[in-house]
Amino acid sequence: MPSKTNNSKDNKLNQKIAPASLRLDDELLRWYDENARDLPWRIAPKPKNKSKGTNKNTNKITGKNKTRSQHKRPNPYHVWLSEIMLQQTTVATVGPRFLTFLKQWPTIHHLAKSPVEDVTGAWAGLGYYARARNLHKCAQVLVADYDGKFPQSEEELKKLPGIGDYTAAAITTIAFNQYALVMDGNIERVTARLYREATPLPAAKPILKEHLSHYWPRPDKQARHGDFAQALMDLGSGICRPKNPLCLLCPIKGFCQAHQTGNPQDYPVKLAKKQKPTRRGIGFVVYNQKGEIALERRADKGLLGGMLGFPGTGWSETEKSILKQESKINAIAPLAAKWDYAGEALHTFTHFHLIMGVYVAKLETNPRRTKNYEWIVPHTAQLPTVMKKALERATDHFKNEA
DNA sequence: AATTCGGGGTT
DNA sequence: AACCCAGAATT
(Lines give C-alpha, C1' and ligand atoms only; values in the text may rest on other atoms or scores of the structure.)
Protein backbone atom coordinates (compact mmCIF):
# COMPACT_ATOMS: atom_id res chain seq x y z
CA MET A 1 0.00 0.00 0.00
CA PRO A 2 1.16 3.53 -0.66
CA SER A 3 2.68 4.95 2.48
CA LYS A 4 1.49 8.44 1.77
CA THR A 5 -1.22 10.28 -0.03
CA ASN A 6 -0.32 12.15 -3.16
CA ASN A 7 -1.22 15.74 -3.85
CA SER A 8 -0.63 18.32 -6.48
CA LYS A 9 2.19 19.95 -4.56
CA ASP A 10 4.10 16.69 -4.64
CA ASN A 11 3.54 16.47 -8.35
CA LYS A 12 4.96 19.88 -9.09
CA LEU A 13 7.91 19.01 -6.93
CA ASN A 14 8.27 15.78 -8.79
CA GLN A 15 8.61 17.33 -12.16
CA LYS A 16 11.92 18.73 -11.02
CA ILE A 17 13.41 15.37 -10.13
CA ALA A 18 15.16 15.13 -13.47
CA PRO A 19 17.63 17.77 -14.63
CA ALA A 20 15.90 20.58 -16.45
CA SER A 21 18.00 19.84 -19.51
CA LEU A 22 16.32 16.47 -19.99
CA ARG A 23 12.86 15.98 -21.40
CA LEU A 24 10.86 12.84 -20.80
CA ASP A 25 9.63 12.60 -24.37
CA ASP A 26 13.15 12.89 -25.78
CA GLU A 27 14.51 10.24 -23.45
CA LEU A 28 11.60 7.90 -24.09
CA LEU A 29 11.74 8.25 -27.88
CA ARG A 30 15.49 7.75 -27.88
CA TRP A 31 14.95 4.50 -26.01
CA TYR A 32 12.14 3.51 -28.35
CA ASP A 33 14.28 4.02 -31.44
CA GLU A 34 16.66 1.39 -30.15
CA ASN A 35 14.26 -0.96 -28.36
CA ALA A 36 10.93 -0.89 -30.18
CA ARG A 37 9.32 -4.31 -30.35
CA ASP A 38 8.96 -5.81 -33.79
CA LEU A 39 5.22 -6.28 -34.21
CA PRO A 40 3.28 -7.35 -37.32
CA TRP A 41 1.10 -4.23 -37.34
CA ARG A 42 3.89 -1.81 -36.57
CA ILE A 43 6.14 0.27 -38.82
CA ALA A 44 9.52 0.24 -37.10
CA PRO A 45 10.66 3.68 -35.95
CA LYS A 46 13.82 3.17 -37.95
CA PRO A 47 15.18 0.45 -40.22
CA LYS A 48 16.97 -2.26 -38.33
CA ASN A 49 20.49 -2.97 -39.49
CA LYS A 50 20.84 -6.68 -38.98
CA SER A 51 24.04 -7.14 -40.97
CA LYS A 52 26.79 -8.50 -38.79
CA GLY A 53 30.14 -6.97 -38.05
CA THR A 54 29.07 -3.52 -39.13
CA ASN A 55 28.53 -0.36 -37.24
CA LYS A 56 27.63 -1.13 -33.65
CA ASN A 57 27.06 2.49 -32.85
CA THR A 58 23.61 2.66 -31.35
CA ASN A 59 23.58 6.32 -30.66
CA LYS A 60 22.89 7.49 -34.17
CA ILE A 61 20.13 9.83 -33.22
CA THR A 62 21.70 12.76 -31.56
CA GLY A 63 19.98 15.69 -33.16
CA LYS A 64 16.32 16.63 -33.13
CA ASN A 65 14.03 14.13 -34.73
CA LYS A 66 12.50 16.53 -37.14
CA THR A 67 11.71 14.11 -39.87
CA ARG A 68 10.69 11.22 -37.70
CA SER A 69 7.02 12.09 -37.68
CA GLN A 70 7.01 11.85 -41.44
CA HIS A 71 8.31 8.34 -41.77
CA LYS A 72 6.02 5.80 -43.38
CA ARG A 73 2.66 5.52 -41.65
CA PRO A 74 1.04 2.14 -41.03
CA ASN A 75 -2.11 1.09 -42.87
CA PRO A 76 -5.08 2.44 -40.84
CA TYR A 77 -6.98 -0.79 -41.47
CA HIS A 78 -4.12 -2.74 -39.92
CA VAL A 79 -3.92 -0.36 -36.97
CA TRP A 80 -7.64 -0.58 -36.34
CA LEU A 81 -7.75 -4.38 -36.62
CA SER A 82 -4.77 -4.82 -34.31
CA GLU A 83 -6.18 -2.41 -31.73
CA ILE A 84 -9.52 -4.20 -31.63
CA MET A 85 -7.79 -7.57 -31.24
CA LEU A 86 -5.49 -6.18 -28.57
CA GLN A 87 -8.33 -5.01 -26.33
CA GLN A 88 -7.71 -6.95 -23.12
CA THR A 89 -5.73 -9.48 -25.15
CA THR A 90 -1.98 -10.03 -25.07
CA VAL A 91 0.39 -9.28 -27.93
CA ALA A 92 1.51 -12.92 -27.95
CA THR A 93 -2.06 -14.12 -28.51
CA VAL A 94 -2.90 -11.52 -31.14
CA GLY A 95 0.21 -11.86 -33.31
CA PRO A 96 -0.68 -15.01 -35.29
CA ARG A 97 -4.42 -14.28 -35.23
CA PHE A 98 -3.80 -10.86 -36.77
CA LEU A 99 -1.83 -12.34 -39.66
CA THR A 100 -4.38 -15.08 -40.33
CA PHE A 101 -7.21 -12.55 -40.27
CA LEU A 102 -5.45 -10.21 -42.70
CA LYS A 103 -4.88 -13.08 -45.08
CA GLN A 104 -8.59 -13.85 -45.10
CA TRP A 105 -9.67 -10.20 -45.28
CA PRO A 106 -6.88 -8.15 -46.92
CA THR A 107 -8.90 -4.93 -46.98
CA ILE A 108 -11.83 -3.39 -45.18
CA HIS A 109 -13.89 -3.90 -48.33
CA HIS A 110 -13.38 -7.65 -48.21
CA LEU A 111 -14.36 -7.61 -44.55
CA ALA A 112 -17.47 -5.51 -45.08
CA LYS A 113 -18.99 -7.83 -47.67
CA SER A 114 -18.29 -11.04 -45.77
CA PRO A 115 -21.04 -12.76 -43.74
CA VAL A 116 -20.80 -11.89 -40.05
CA GLU A 117 -20.71 -15.61 -39.18
CA ASP A 118 -17.40 -15.91 -41.02
CA VAL A 119 -15.97 -13.07 -38.93
CA THR A 120 -17.17 -14.41 -35.57
CA GLY A 121 -15.90 -17.83 -36.67
CA ALA A 122 -12.45 -16.40 -37.31
CA TRP A 123 -12.65 -14.83 -33.86
CA ALA A 124 -13.34 -18.15 -32.11
CA GLY A 125 -11.02 -18.59 -29.13
CA LEU A 126 -10.10 -14.91 -28.93
CA GLY A 127 -12.89 -13.97 -26.54
CA TYR A 128 -15.03 -10.86 -26.08
CA TYR A 129 -17.01 -11.75 -29.18
CA ALA A 130 -18.85 -8.44 -29.34
CA ARG A 131 -15.54 -7.22 -30.73
CA ALA A 132 -16.00 -9.40 -33.82
CA ARG A 133 -19.61 -8.33 -34.36
CA ASN A 134 -18.71 -4.66 -33.90
CA LEU A 135 -15.67 -5.05 -36.14
CA HIS A 136 -17.85 -6.33 -38.95
CA LYS A 137 -20.49 -3.65 -38.38
CA CYS A 138 -17.81 -0.96 -38.28
CA ALA A 139 -16.38 -2.15 -41.58
CA GLN A 140 -19.81 -1.94 -43.17
CA VAL A 141 -20.41 1.58 -41.84
CA LEU A 142 -17.01 2.77 -43.04
CA VAL A 143 -17.53 1.35 -46.53
CA ALA A 144 -21.10 2.63 -46.78
CA ASP A 145 -20.69 6.09 -45.26
CA TYR A 146 -16.97 6.92 -45.23
CA ASP A 147 -15.78 5.66 -48.62
CA GLY A 148 -13.90 2.92 -46.79
CA LYS A 149 -11.57 5.42 -45.12
CA PHE A 150 -11.10 6.04 -41.42
CA PRO A 151 -11.87 9.48 -40.02
CA GLN A 152 -8.80 11.01 -38.37
CA SER A 153 -10.34 12.64 -35.30
CA GLU A 154 -11.03 10.99 -31.97
CA GLU A 155 -14.55 12.39 -31.93
CA GLU A 156 -15.52 10.85 -35.27
CA LEU A 157 -13.79 7.55 -34.54
CA LYS A 158 -15.64 7.14 -31.23
CA LYS A 159 -18.97 7.18 -33.07
CA LEU A 160 -18.04 3.90 -34.74
CA PRO A 161 -19.03 0.55 -33.21
CA GLY A 162 -16.33 -1.03 -31.04
CA ILE A 163 -14.18 2.10 -30.93
CA GLY A 164 -14.01 3.73 -27.50
CA ASP A 165 -11.72 6.22 -25.78
CA TYR A 166 -8.57 4.18 -26.02
CA THR A 167 -8.95 2.84 -29.55
CA ALA A 168 -9.96 6.24 -30.98
CA ALA A 169 -6.87 7.82 -29.47
CA ALA A 170 -4.65 4.94 -30.58
CA ILE A 171 -5.81 5.14 -34.21
CA THR A 172 -5.48 8.93 -34.22
CA THR A 173 -1.90 8.81 -33.03
CA ILE A 174 -0.55 5.62 -34.57
CA ALA A 175 -2.24 5.66 -37.96
CA PHE A 176 -2.29 9.42 -38.54
CA ASN A 177 0.27 10.83 -36.10
CA GLN A 178 -2.24 13.37 -34.84
CA TYR A 179 -2.35 14.52 -31.24
CA ALA A 180 -4.42 12.37 -28.88
CA LEU A 181 -3.71 11.30 -25.34
CA VAL A 182 -3.61 7.51 -25.29
CA MET A 183 -4.37 5.79 -21.99
CA ASP A 184 -4.32 2.02 -21.78
CA GLY A 185 -3.47 -0.38 -18.97
CA ASN A 186 0.27 -0.08 -19.58
CA ILE A 187 0.27 3.70 -19.71
CA GLU A 188 -1.93 3.85 -16.62
CA ARG A 189 0.73 1.93 -14.74
CA VAL A 190 3.64 4.01 -16.02
CA THR A 191 1.84 7.26 -15.22
CA ALA A 192 0.68 6.14 -11.79
CA ARG A 193 4.31 5.39 -10.93
CA LEU A 194 5.65 8.60 -12.43
CA TYR A 195 3.34 10.56 -10.12
CA ARG A 196 2.96 8.04 -7.32
CA GLU A 197 -0.79 8.47 -7.71
CA ALA A 198 -2.62 7.06 -4.70
CA THR A 199 -6.17 7.32 -6.02
CA PRO A 200 -7.38 3.83 -6.91
CA LEU A 201 -8.37 2.88 -10.43
CA PRO A 202 -10.73 3.18 -12.17
CA ALA A 203 -11.51 6.53 -10.50
CA ALA A 204 -7.89 7.59 -11.05
CA LYS A 205 -8.14 7.45 -14.82
CA PRO A 206 -8.93 11.14 -15.48
CA ILE A 207 -6.32 12.14 -12.90
CA LEU A 208 -3.72 10.03 -14.67
CA LYS A 209 -4.66 11.63 -17.97
CA GLU A 210 -4.13 15.03 -16.42
CA HIS A 211 -0.74 13.94 -15.12
CA LEU A 212 0.34 12.49 -18.44
CA SER A 213 -0.82 15.56 -20.38
CA HIS A 214 2.17 17.42 -18.91
CA TYR A 215 4.50 15.11 -20.75
CA TRP A 216 2.62 14.37 -23.96
CA PRO A 217 4.09 16.03 -27.07
CA ARG A 218 2.28 19.22 -28.05
CA PRO A 219 -0.11 19.18 -31.03
CA ASP A 220 2.78 19.98 -33.31
CA LYS A 221 3.17 18.57 -36.78
CA GLN A 222 6.74 17.61 -36.04
CA ALA A 223 5.88 15.68 -32.90
CA ARG A 224 5.92 11.88 -32.88
CA HIS A 225 2.55 11.18 -31.26
CA GLY A 226 2.22 7.64 -32.53
CA ASP A 227 5.72 6.66 -31.51
CA PHE A 228 5.31 8.31 -28.11
CA ALA A 229 2.17 6.27 -27.43
CA GLN A 230 3.74 3.03 -28.59
CA ALA A 231 6.93 3.77 -26.68
CA LEU A 232 4.95 4.15 -23.46
CA MET A 233 3.18 0.85 -24.10
CA ASP A 234 6.42 -0.97 -24.90
CA LEU A 235 7.94 0.52 -21.77
CA GLY A 236 4.97 -0.61 -19.70
CA SER A 237 5.03 -4.16 -21.01
CA GLY A 238 8.79 -4.67 -21.02
CA ILE A 239 10.29 -2.44 -18.31
CA CYS A 240 7.58 -0.91 -16.12
CA ARG A 241 6.00 -4.31 -15.52
CA PRO A 242 3.27 -4.94 -12.94
CA LYS A 243 5.65 -7.01 -10.85
CA ASN A 244 9.44 -6.82 -10.70
CA PRO A 245 9.83 -3.69 -12.81
CA LEU A 246 13.27 -3.28 -14.38
CA CYS A 247 13.83 0.25 -13.15
CA LEU A 248 17.58 0.14 -13.77
CA LEU A 249 16.89 -0.19 -17.49
CA CYS A 250 14.20 2.50 -17.54
CA PRO A 251 14.96 5.50 -19.74
CA ILE A 252 12.68 7.78 -17.71
CA LYS A 253 13.49 6.67 -14.16
CA GLY A 254 14.84 10.17 -13.55
CA PHE A 255 11.27 11.45 -13.87
CA CYS A 256 9.69 8.73 -11.75
CA GLN A 257 8.53 9.58 -8.26
CA ALA A 258 7.81 5.96 -7.36
CA HIS A 259 11.30 4.92 -8.36
CA GLN A 260 12.90 7.68 -6.33
CA THR A 261 10.75 7.91 -3.23
CA GLY A 262 8.43 4.93 -3.16
CA ASN A 263 7.91 1.38 -4.23
CA PRO A 264 6.92 1.18 -7.91
CA GLN A 265 5.23 -2.16 -7.31
CA ASP A 266 2.62 -0.41 -5.16
CA TYR A 267 1.23 1.48 -8.18
CA PRO A 268 -1.26 1.76 -9.65
CA VAL A 269 -3.61 1.30 -6.72
CA LYS A 270 -6.69 -0.68 -7.71
CA LEU A 271 -10.03 -1.40 -6.12
CA ALA A 272 -10.41 -4.95 -4.86
CA LYS A 273 -12.18 -7.27 -7.26
CA LYS A 274 -15.18 -9.37 -6.44
CA GLN A 275 -14.63 -13.08 -6.20
CA LYS A 276 -16.11 -15.29 -8.86
CA PRO A 277 -19.14 -17.46 -8.17
CA THR A 278 -19.49 -20.95 -9.65
CA ARG A 279 -22.25 -21.76 -12.09
CA ARG A 280 -23.29 -25.19 -13.30
CA GLY A 281 -25.03 -26.49 -16.36
CA ILE A 282 -25.25 -29.32 -18.87
CA GLY A 283 -24.10 -29.58 -22.45
CA PHE A 284 -25.12 -32.23 -25.00
CA VAL A 285 -22.67 -33.51 -27.60
CA VAL A 286 -24.43 -35.68 -30.14
CA TYR A 287 -22.92 -37.25 -33.28
CA ASN A 288 -24.96 -38.30 -36.28
CA GLN A 289 -24.15 -41.32 -38.40
CA LYS A 290 -21.79 -39.25 -40.54
CA GLY A 291 -19.79 -38.21 -37.46
CA GLU A 292 -21.05 -34.63 -37.43
CA ILE A 293 -22.05 -32.85 -34.21
CA ALA A 294 -25.14 -30.77 -33.51
CA LEU A 295 -24.38 -27.09 -32.79
CA GLU A 296 -26.64 -24.14 -32.20
CA ARG A 297 -26.07 -20.50 -32.99
CA ARG A 298 -26.23 -18.58 -29.72
CA ALA A 299 -28.24 -15.38 -29.33
CA ASP A 300 -26.59 -12.29 -30.72
CA LYS A 301 -26.30 -10.56 -27.35
CA GLY A 302 -24.83 -11.71 -24.08
CA LEU A 303 -22.22 -14.32 -23.26
CA LEU A 304 -20.60 -15.93 -26.32
CA GLY A 305 -23.09 -13.95 -28.40
CA GLY A 306 -23.37 -15.06 -32.01
CA MET A 307 -21.06 -18.05 -31.51
CA LEU A 308 -21.70 -21.74 -32.04
CA GLY A 309 -22.27 -23.93 -28.99
CA PHE A 310 -23.70 -27.21 -27.84
CA PRO A 311 -27.37 -27.47 -26.93
CA GLY A 312 -27.87 -27.63 -23.18
CA THR A 313 -29.28 -26.08 -20.06
CA GLY A 314 -28.61 -22.56 -18.90
CA TRP A 315 -25.76 -21.95 -16.48
CA SER A 316 -26.91 -21.21 -12.96
CA GLU A 317 -25.45 -20.76 -9.49
CA THR A 318 -28.39 -22.44 -7.81
CA GLU A 319 -28.45 -25.70 -9.72
CA LYS A 320 -26.13 -27.70 -7.47
CA SER A 321 -26.78 -31.19 -8.66
CA ILE A 322 -25.68 -32.45 -12.01
CA LEU A 323 -28.69 -34.37 -13.23
CA LYS A 324 -27.46 -37.88 -13.63
CA GLN A 325 -30.83 -39.55 -13.66
CA GLU A 326 -31.48 -40.79 -17.16
CA SER A 327 -35.12 -39.88 -17.06
CA LYS A 328 -34.46 -36.22 -16.36
CA ILE A 329 -31.65 -36.07 -18.89
CA ASN A 330 -33.94 -37.39 -21.60
CA ALA A 331 -36.46 -34.73 -20.72
CA ILE A 332 -34.06 -31.85 -21.33
CA ALA A 333 -31.95 -33.36 -24.12
CA PRO A 334 -32.23 -31.79 -27.59
CA LEU A 335 -33.34 -35.11 -29.12
CA ALA A 336 -34.06 -38.70 -28.17
CA ALA A 337 -30.94 -40.82 -27.84
CA LYS A 338 -29.03 -43.05 -25.44
CA TRP A 339 -27.11 -40.42 -23.46
CA ASP A 340 -23.88 -41.25 -21.62
CA TYR A 341 -22.29 -39.07 -18.99
CA ALA A 342 -18.80 -38.04 -20.16
CA GLY A 343 -17.59 -35.94 -17.21
CA GLU A 344 -17.18 -32.25 -16.50
CA ALA A 345 -15.72 -29.46 -18.58
CA LEU A 346 -14.22 -26.77 -16.34
CA HIS A 347 -13.91 -23.22 -17.57
CA THR A 348 -13.46 -19.78 -16.05
CA PHE A 349 -15.01 -16.69 -17.60
CA THR A 350 -14.37 -13.10 -16.60
CA HIS A 351 -16.91 -13.10 -13.84
CA PHE A 352 -17.75 -16.72 -12.98
CA HIS A 353 -16.46 -20.29 -12.95
CA LEU A 354 -18.38 -22.86 -14.95
CA ILE A 355 -18.75 -26.57 -14.35
CA MET A 356 -20.43 -28.10 -17.35
CA GLY A 357 -21.64 -31.67 -17.15
CA VAL A 358 -21.21 -33.20 -20.60
CA TYR A 359 -23.56 -35.84 -21.97
CA VAL A 360 -22.79 -37.64 -25.20
CA ALA A 361 -24.66 -39.80 -27.69
CA LYS A 362 -24.13 -41.34 -31.12
CA LEU A 363 -27.02 -41.66 -33.55
CA GLU A 364 -27.30 -44.23 -36.27
CA THR A 365 -29.28 -41.80 -38.38
CA ASN A 366 -28.70 -38.40 -39.96
CA PRO A 367 -31.37 -36.01 -38.69
CA ARG A 368 -32.12 -33.02 -40.87
CA ARG A 369 -30.74 -29.64 -40.05
CA THR A 370 -33.35 -27.86 -37.96
CA LYS A 371 -33.98 -24.27 -37.05
CA ASN A 372 -32.37 -24.87 -33.67
CA TYR A 373 -29.15 -26.57 -34.62
CA GLU A 374 -26.97 -27.55 -37.55
CA TRP A 375 -24.66 -30.52 -38.12
CA ILE A 376 -20.99 -29.74 -38.51
CA VAL A 377 -17.84 -31.84 -38.88
CA PRO A 378 -16.21 -31.52 -35.42
CA HIS A 379 -12.69 -30.51 -36.44
CA THR A 380 -13.98 -27.79 -38.73
CA ALA A 381 -16.25 -26.21 -36.12
CA GLN A 382 -15.16 -22.72 -35.03
CA LEU A 383 -15.93 -22.94 -31.32
CA PRO A 384 -15.31 -20.76 -28.29
CA THR A 385 -12.93 -22.34 -25.82
CA VAL A 386 -15.49 -23.61 -23.35
CA MET A 387 -17.19 -25.53 -26.16
CA LYS A 388 -13.87 -26.97 -27.31
CA LYS A 389 -13.40 -28.27 -23.78
CA ALA A 390 -16.83 -29.90 -23.85
CA LEU A 391 -16.03 -31.51 -27.20
CA GLU A 392 -12.80 -32.81 -25.71
CA ARG A 393 -14.75 -34.50 -22.92
CA ALA A 394 -16.85 -36.26 -25.55
CA THR A 395 -13.82 -37.31 -27.58
CA ASP A 396 -12.11 -38.68 -24.46
CA HIS A 397 -15.25 -40.58 -23.53
CA PHE A 398 -15.45 -42.49 -26.79
CA LYS A 399 -11.70 -43.05 -26.89
CA ASN A 400 -11.77 -44.66 -23.45
CA GLU A 401 -14.80 -46.67 -24.40
CA ALA A 402 -13.12 -48.21 -27.43
C1' DA B 1 -20.26 4.18 -11.16
C1' DA B 2 -20.85 -0.89 -11.72
C1' DT B 3 -21.46 -4.68 -14.36
C1' DT B 4 -20.99 -7.57 -18.31
C1' DC B 5 -18.49 -9.22 -21.64
C1' DG B 6 -13.00 -14.52 -22.84
C1' DG B 7 -9.14 -16.36 -22.63
C1' DG B 8 -4.38 -17.15 -21.85
C1' DG B 9 0.08 -16.08 -19.82
C1' DT B 10 2.62 -14.83 -15.42
C1' DT B 11 3.58 -14.85 -10.85
C1' DA C 1 -5.42 -18.72 -7.28
C1' DA C 2 -4.93 -13.92 -8.30
C1' DC C 3 -3.41 -10.66 -11.39
C1' DC C 4 -2.87 -8.72 -15.83
C1' DC C 5 -3.72 -7.69 -20.54
C1' DA C 6 -2.85 -1.66 -26.40
C1' DG C 7 -11.23 -1.78 -23.21
C1' DA C 8 -16.18 -1.15 -24.94
C1' DA C 9 -20.97 -1.25 -24.21
C1' DT C 10 -24.63 -1.48 -21.25
C1' DT C 11 -27.21 -0.67 -17.11
Side-chain angles (χ1 to χ4, degrees), chain A residues 36-37 39-42 74 78-98 120 123-135 137-138 157-175 180-190 200-206 226 228-238 240-245 265 268-279 298-307 309 315 346-354 383-389:
Chain A
R37 300 177 70 177
L39 303 174
W41 47 86
R42 174 178 287 177
H78 297 182
V79 174
W80 166 64
L81 175 61
S82 69
E83 292 301 344
I84 301 297
M85 282 190 172
L86 286 162
Q87 288 168 7
Q88 297 295 288
T89 308
T90 57
V91 166
T93 300
V94 168
R97 303 295 294 258
F98 172 81
T120 54
W123 211 267
L126 265 181
Y128 286 165
Y129 297 101
R131 291 186 295 174
R133 303 192 303 273
N134 285 332
L135 188 85
K137 179 63 179 170
C138 185
L157 285 165
K158 282 205 298 195
K159 294 177 183 173
L160 297 167
I163 298 182
D165 291 344
Y166 163 77
T167 304
I171 294 173
T172 301
T173 58
I174 298 171
L181 196 149
V182 178
M183 183 63 71
D184 78 320
N186 288 305
I187 303 180
E188 280 178 357
R189 183 172 56 257
V190 172
L201 284 167
K205 196 161 180 175
F228 189 76
Q230 295 178 90
L232 279 174
M233 292 190 275
D234 277 21
L235 186 79
S237 65
C240 198
R241 308 181 299 193
K243 295 175 182 174
N244 307 315
Q265 288 219 159
V269 182
K270 295 194 175 184
L271 249 38
K273 293 175 182 174
K274 293 200 310 187
Q275 75 164 34
K276 296 173 183 177
T278 297
R279 298 183 188 173
R298 298 172 60 88
D300 205 43
K301 294 185 176 178
L303 192 68
L304 307 180
M307 303 300 291
W315 302 336
L346 307 180
H347 190 72
T348 298
F349 293 96
T350 305
H351 54 291
F352 66 92
H353 303 289
L354 175 66
L383 299 174
T385 299
V386 63
M387 300 301 170
K388 285 183 185 163
K389 289 180 179 177

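A:P202 is linked by a side chain to side chain contact (heavy atoms under 4.5 Å, CB included) to A:L271, counting only residues two or more places apart in sequence or in another chain. Under the salt bridge (charged side-chain N to carboxylate O under 4.0 Å, His left out) criterion, A:K276 pairs with no residue, sequence neighbours left out. Judged as a ring-ring contact (aromatic ring centres under 6.0 Å, His included), and not counting sequence neighbours, A:H78 has no contacts. Annotation: salt bridge (charged side-chain N to carboxylate O under 4.0 Å, His left out) contacts of A:R133 (sequence neighbours excluded): A:D300. Taking the side-chain hydrogen bond (donor to acceptor under 3.5 Å, both in side chains) definition, one finds that A:T348 meets it with A:H353, sequence neighbours left out.
Between A:H351 and B:dT3, a side-chain N or O to OP1/OP2 separation shorter than 4.0 Å is absent.
Nucleotides B:dG6 and C:dC5 place their C1' atoms 12 Å apart, quoted to the nearest Å.
If you measure from atom CZ of A:R241 to atom P of B:dT10, you get 11 Å, rounded to the nearest angstrom. Atoms CG (A:L271) and P (C:dC3) sit 12 Å apart, rounded to a whole Å. In this structure, CG of A:L346 is placed 14 Å from P of B:dG7, rounded to the nearest angstrom. The NZ atom of A:K388 sits 14 Å away from the P atom of B:dG6 (whole-angstrom rounding). The distance between atom NZ of A:K274 and atom C1' of B:dC5, rounded to the nearest whole Å, is 14 Å. One atom, CE of A:M307, and another, C1' of B:dG7, lie 12 Å apart when rounded to the nearest Å. Counting to the nearest Å, the P atom of B:dA2 and the CG atom of A:L201 are 13 Å from each other. Atom P of nucleotide B:dG6 and atom CZ of A:F349 are separated by 7 Å, given to the nearest angstrom.
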| task | Determine, for nucleotides 4-11 of chain C in 5'-to-3' order, which nucleotides have protein heavy atoms under 4.0 Å from the base (write B), from only the sugar-phosphate (write S), or from neither (write -). | result | SBBBSS--
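A:R131 places a side-chain N or O within donor-acceptor distance of the main-chain N or O of A:Y128, the cut-off being under 3.5 Å.
Take the nearest nucleotide of DNA chain B for A:T348 and for A:K243: the residue whose nucleotide is more 5' is A:T348.
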